[in-house]
Amino acid sequence: MKKIETENRMKNINEAPISAGARILLRADFNVPIQNGKVVDDFRIRKTQETLDYLKEKNTIVTVVSHIENSTSSGIKPTLKPVVQILNELGYPCEFSETIEAARELSLKKSKEKKFALILLENIRNYHGETKNDPDFAKELATLGNIYINDAFSVSHRAHASIVGVPALLPHFAGFQLAREVDNLSRAFNPLHPFLFILGGAKFDTKLPLVKKFLDKADTIFIGGALANDFFKAKGLEVGQSTVSTSSIDFDGLLSNEKIMLPNDLIVDGTGEQKISSPLDVLPTEKILDAGPETLEELRGKINSAKFILWNGPLGNYENGYKEPTHEVARMIATATKNGAESMIGGGDTLAAITELKSTTGESLENSFTFVSTGGGAMLDFLAKGSLPGIDALNS
Ligand code: ADP
Ligand code: MG
């Protein structure tokens, strides 16, 4: 993989030779949560707006290719149809196509009118060729446009047909959001100092490589969430009933590293009653669920003196009510950002915790950070490897 860290030749959308009536295949990520047939969070769609606005102004014929996974209602085939309403509301009159053939015919017809048109193709993962990156399927998909634009950073860690197959066949460009993701997240490779990396959550296998990668770049790496439990366990401490990784982890060089900061007090629960405990005193019947108040104060000091802050992963089991420390860290980073620090945050659950803060208290922090990534797994992969398959495809 070519490292964006050192080499980035990716062309952006504003370098694309686009004229009125041009047929554009736009890979977007409209994989949004849907409940009772309605989109409940349009964050990702809004992040594509700059690209959509640009293509609208140029009077192009845009066919959007996206996938959707619907985790809530099992048995029901996930469909992108509810997204049409959102696109209409945002000012992009949109037509829905069930098949690639129908979308192609519609785009060819619209192309003659040389006026902006938007066609949304049904869930691309309905086709087996997509995830297998089947060459024939990529060829068929490529008939949807004469120019390919990827604005789906959050899917660009997947070597799928719509991410790597199609750009090999068409002139290819990065959409505004994808370019922004690469520009901003790349700052972590040459960060301002002190650089504080806050890593929480529970995805042990994907997150541990990040700790190793950033040990030399960061000044402090705070490990929170269930990730910290694994560190305590590896140190030979009792972790009781806490969530720990199921795979074996190589902690070589990590346990005594002075850059790594672990919580020094915890919120634990054993008998249905929360209490604050030292990592040294967790009982076999207890479960570690969050970071404690002393830890938060220590973090506040680190956050206030940092010039660059990268945050991924909640500090506690927030879906079950252990959310205050995560919310407080979000507030601290927002304040530090106001005071001049650069902050980058991302992660599905991290953003969900921030959204939840808004819906329960009205406190809106979404615009309080230097950059909010649309990527979860993609952000982690990009940070760990320095590029992604979908970005490599735009770079060649
Ligand atoms: P993100 O999606 O932001 O990258 P992850 O998916 O890695 O974050 O982790 C989020 C999950 O970690 C949440 O389900 C949260 O409840 C869980 N978690 C965090 N801390 C703990 C803990 N101490 N015990 C159990 N689960 C935890
Ligand atoms: Mg998650």
Side-chain angles (χ1 to χ4, degrees), residues 29 31 33 41 43-44 69 71 153-155 157 181 185 188 197-211 214 221-233 237-247 249 262-270 274-279 282-283 285-293 295-296 299 309-330 333 343-357 365-366 369 371-384:
D29 183 3
N31 179 25
D41 182 1
F43 170 72
R44 282 186 169 158
E69 295 155 337
S71 50
F153 175 79
S154 44
V155 205
H157 56 321
E181 294 272 1
L185 296 177
F197 188 9
I198 302 174
L199 194 59
K203 280 188 220 124
F204 305 91
D205 298 338
T206 18
K207 296 194 181 189
L208 221 43
L210 273 185
V211 177
F214 280 96
I221 304 184
F222 173 80
I223 311 277
L227 283 184
N229 302 345
D230 265 48
F231 277 75
F232 294 137
K233 191 177 152 202
L237 297 173
E238 176 66 60
V239 292
Q241 308 299 308
S242 307
T243 303
V244 285
S245 164
T246 46
S247 48
I249 288 171
L262 293 170
N264 54 26
D265 63 340
L266 303 162
I267 296 176
V268 301
D269 197 336
Q274 281 182 40
K275 69 172 202 203
I276 294 165
S277 170
S278 153
V282 176
L283 302 173
T285 50
E286 288 173 339
K287 202 172 175 178
I288 302 167
L289 290 156
D290 217 334
T295 302
L296 277 185
L299 254 182
I309 304 162
L310 180 63
W311 177 33
N312 166 271
L315 268 61
N317 184 211
Y318 77 97
E319 314 91 300
N320 292 320
Y322 299 88
K323 57 187 182 183
E324 197 38 50
T326 297
H327 289 164
E328 192 54 26
V329 161
I333 300 175
S343 59
M344 314 273 147
I345 72 163
D349 289 281
T350 310
L351 298 194
I354 289 170
T355 306
E356 202 246 25
L357 181 65
L365 295 180
E366 193 193 305
F369 309 99
F371 185 67
V372 178
S373 177
T374 54
M379 172 185 169
L380 298 173
D381 274 12
F382 181 78
L383 290 171

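The structure presented is a predicted model; accordingly, all values stated were derived computationally and were not measured. Order of listing sets the numbers, starting from 1, for every ligand and every atom in it.
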Self-check item: Sorted by chain and number, the residues that approach ligand 1 to under 4.0 Å with a heavy atom
Solution: G201, A202, K203, K207, G225, A226, T243, I288, L289, N312, G313, P314, L315, G316, N317, Y318, E319, G347, G348, D349, T350
Quiz item: What pairs with Y322 under ring pair (Phe, Tyr, Trp, His ring centres under 6.0 Å), at least two apart in sequence or on another chain?
Solution: none
Exercise. List the atom of P263, the atom of P279, and the distance in Å for their closest heavy-atom pair.
Key: O-CG, 3.5 Å
Exercise. Look only at the side chain of K207 and the backbone of L199, and say whether a donor-acceptor pair between them is shorter than 3.5 Å.
Key: no
Quick one: side chains of residues 373-380, donor-acceptor pairs under 3.5 Å with protein atoms, not counting sequence neighbours, listed by atom name and distance.
{"residue": "S373", "atom": "OG", "partner": "E181", "partner atom": "OE1", "Å": "2.7"}
{"residue": "S373", "atom": "OG", "partner": "G375", "partner atom": "N", "Å": "3.0"}
{"residue": "T374", "atom": "OG1", "partner": "E181", "partner atom": "OE2", "Å": "2.6"}

Practice problem: Write the atom name of the N, O or S atom in D349 that is nearest the Mg ion (ligand 2). | Solution: OD2
Pair up each side-chain donor or acceptor in residues 343-352 with any protein partner under 3.5 Å, not counting sequence neighbours, and list the distances.
{"residue": "S343", "atom": "OG", "partner": "T337", "partner atom": "OG1", "Å": "2.8"}
{"residue": "S343", "atom": "OG", "partner": "T370", "partner atom": "N", "Å": "3.0"}
{"residue": "D349", "atom": "OD1", "partner": "Y318", "partner atom": "OH", "Å": "3.0"}
{"residue": "T350", "atom": "OG1", "partner": "G313", "partner atom": "N", "Å": "2.7"}
{"residue": "T350", "atom": "OG1", "partner": "G346", "partner atom": "O", "Å": "3.4"}

Quiz item: Less than 4.0 Å between a side-chain N and a carboxylate O, is that true for K275 and E286?
Solution: yes
